[in-house]
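As the structure is a prediction and not an experimental result, all values here were calculated from the model.
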Amino acid sequence: MNLFLIGYRCSGKTSVGEVLAQQLGWPFVDTDRMVADKAGVSIARMVLDHGWSFFREEEWLVLASACAGDRQVVATGGGIVLDDRNIVTMKQAGKIVWLTASQKTIEARMRGDDATLSNRPSLTGQGWREEITSVLSERIPLYEKAADLVIDTDREKIVTICDRIVSALGLKTEAARYMLGSLSMRKLNRPIK
């Protein structure tokens, strides 16, 4: 069984996923990174050169490849739920956890994230606040439909979010590896940025 983290941009999928994978002793996979690595260009460049439909097809191929593995924590792109094939593929390969955050929190995280401008192309051409509002209104029903578990990431420490996921899904952690791993307690006890 794999764990798939879904949610809007800056909802904490990568931050939580890295720590959760360490806690479980599972590999961490980031589908956006896989798409960019496979293409040899950033997602922003790929979308600029080839469009969103090209990116979405590449995203599906990468997800299908990732699903061949087992016992992985997989952080997905925010739009992974736009293609029904992705939801079916994730459901067959594991559990889907929807990480939520308020619009205000998402905007604050995007503004504080250096990678947002270079790696996250605009979805609508609107300003951040307007885009978040319009895209969330479209995607929330899709996230709800796909999710096996919903976790709010507002004002929560990463370790608390991970503990809630592990507990809710009845997973076993590798305590020794988790405590002695490469992640510092400072990272574990900070909120998502």
Side-chain angles (χ1 to χ4, degrees), residues 3-20 28 30-36 39 41-60 62-63 73-84 86-87 90 96-162 164-165 187-193:
L3 286 183
F4 298 93
L5 304 179
I6 65 170
Y8 195 75
R9 296 171 168 184
C10 292
S11 61
K13 300 179 301 283
T14 299
S15 297
V16 170
E18 289 173 340
V19 174
L20 183 59
F28 173 71
D30 185 308
T31 60
D32 278 352
R33 285 184 195 157
M34 289 176 68
V35 168
V41 297
S42 70
I43 291 171
R45 172 54 55 192
M46 182 184 303
V47 170
L48 183 65
D49 291 348
H50 303 287
W52 278 108
S53 59
F54 177 84
F55 168 75
R56 294 291 175 214
E57 187 64 23
E58 292 299 306
E59 181 178 56
W60 180 75
V62 162
L63 178 67
V73 176
V74 182
T76 64
I80 200 92
V81 295
L82 297 173
D83 186 335
D84 287 337
N86 294 334
I87 297 168
M90 290 186 290
I96 301 173
V97 180
W98 175 22
L99 300 182
T100 67
S102 70
Q103 292 182 35
K104 183 178 178 182
T105 298
I106 290 169
E107 183 179 355
R109 288 177 184 166
M110 286 175 73
R111 290 188 186 284
D113 179 23
D114 295 337
T116 290
L117 292 176
S118 61
N119 294 331
R120 295 186 173 107
S122 175
L123 300 167
T124 64
Q126 300 172 309
W128 284 357
R129 186 168 295 142
E130 296 80 13
E131 180 168 283
I132 293 166
T133 300
S134 69
V135 173
L136 274 178
S137 69
E138 172 193 355
R139 291 185 185 174
I140 284 175
L142 301 174
Y143 292 138
E144 288 173 340
K145 182 180 173 185
D148 295 307
L149 176 65
V150 180
I151 301 286
D152 181 18
T153 65
D154 276 334
R155 297 175 300 281
E156 294 283 354
K157 294 178 180 174
I158 294 171
V159 70
T160 303
I161 296 165
C162 293
R164 288 176 57 205
I165 293 169
K187 180 172 185 175
L188 295 175
N189 287 312
R190 72 167 171 79
I192 298 168
K193 293 182 180 179

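- Remark: I151 CD1 to S11 OG distance equals 12.0 Å, nearest 0.5 Å.
- Without hydrogens or angle criteria, T133 side chain to R129 main chain gives a donor-acceptor distance under 3.5 Å.
- R139 and E131 are not joined by a salt bridge, as no carboxylate oxygen comes within less than 4.0 angstrom of a charged side-chain nitrogen.
- E57 is linked by a side-chain hydrogen bond (donor to acceptor under 3.5 Å, both in side chains) to R85, counting only residues two or more places apart in sequence or in another chain.
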Test log, rule side chain to side chain contact (heavy atoms under 4.5 Å, CB included), inputs L82 and L142: CA-CA 7 Å; L82 297 173; L142 301 174; 3.7 Å; yes
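- The two atoms that bring I165 and L149 nearest to each other are CA-CD2, 4.2 Å, heavy atoms only.
- Among residues two or more places apart in sequence or in another chain, the side-chain contact (heavy atoms from CB on, under 4.5 Å) test is passed with I132 by Y8, Q103, I106, E107, M110, L136.
- Annotation: salt bridge (charged side-chain N to carboxylate O under 4.0 Å, His left out) contacts of E138 (sequence neighbours excluded): none.
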Candidate pair V81 and K145, rule side chain to side chain contact (heavy atoms under 4.5 Å, CB included), full reasoning: CA-CA 9 Å; V81 295; K145 182 180 173 185; over 6 Å; no
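- Remark: D154 pairs with no residue by the salt bridge (charged side-chain N to carboxylate O under 4.0 Å, His left out) rule, at least two apart or across chains.
- The minimum heavy-atom distance linking S42 with A36 is given by the pair CA-CB, 4.5 Å.
- Residues satisfying the side-chain hydrogen bond (donor to acceptor under 3.5 Å, both in side chains) criterion with R164, sequence neighbours excluded, are absent altogether.
- Shown here are the side-chain hydrogen bond (donor to acceptor under 3.5 Å, both in side chains) partners of D49, two or more places apart in sequence or in another chain: R45.
- Taking the side chain as every heavy atom from C-beta outward, D32 and I43 approach each other to under 4.5 Å.
- Side-chain N or O atoms of K13 include none that pairs as donor or acceptor with a backbone N or O of G77 at under 3.5 Å.
- Note that OG1 of T76 and CD of E59 are 7.0 Å apart. Values are rounded to the nearest 0.5 Å.
- Residues that satisfy the side-chain contact (heavy atoms from CB on, under 4.5 Å) test with A39, not counting sequence neighbours, are V41, M46.
- Listed here is the closest heavy atom pair of I96 and I87: CD1-O, 4.3 Å.
- In this structure, CD on E18 lies 10.5 Å from SG on C162, to the nearest 0.5 angstrom.
- One N or O on the side chain of R109 and one on the backbone of C10 form a donor-acceptor pair closer than 3.5 Å.
- I80 places none of its side-chain heavy atoms less than 4.5 Å from the side chain of L5.
- For F55, the ring pair (Phe, Tyr, Trp, His ring centres under 6.0 Å) test picks out W52, with sequence neighbours left out.
- In terms of modelled atom types and a separation under 3.5 Å, the side chain of T153 and the main chain of G12 share no donor-acceptor contact.
- The side-chain contact (heavy atoms from CB on, under 4.5 Å) search around T100 returns W98, V150, D152, not counting sequence neighbours.
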Working for side-chain hydrogen bond (donor to acceptor under 3.5 Å, both in side chains), residues S137 and S134: CA-CA 5 Å; S137 69; S134 69; 5.9 Å; no
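- Here CG of D30 is found 9.0 Å from CE of M34. Values are rounded to the nearest 0.5 Å.
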Steps toward side chain to side chain contact (heavy atoms under 4.5 Å, CB included) verdict (L3, V74): CA-CA 6 Å; L3 286 183; V74 182; over 6 Å; no
Worked verdict on V16 versus L99 for side chain to side chain contact (heavy atoms under 4.5 Å, CB included): CA-CA 9 Å; V16 170; L99 300 182; 4.0 Å; yes
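- Taking every heavy atom of both residues into account, F4 and M90 meet most closely at CE1-O, 3.4 Å.
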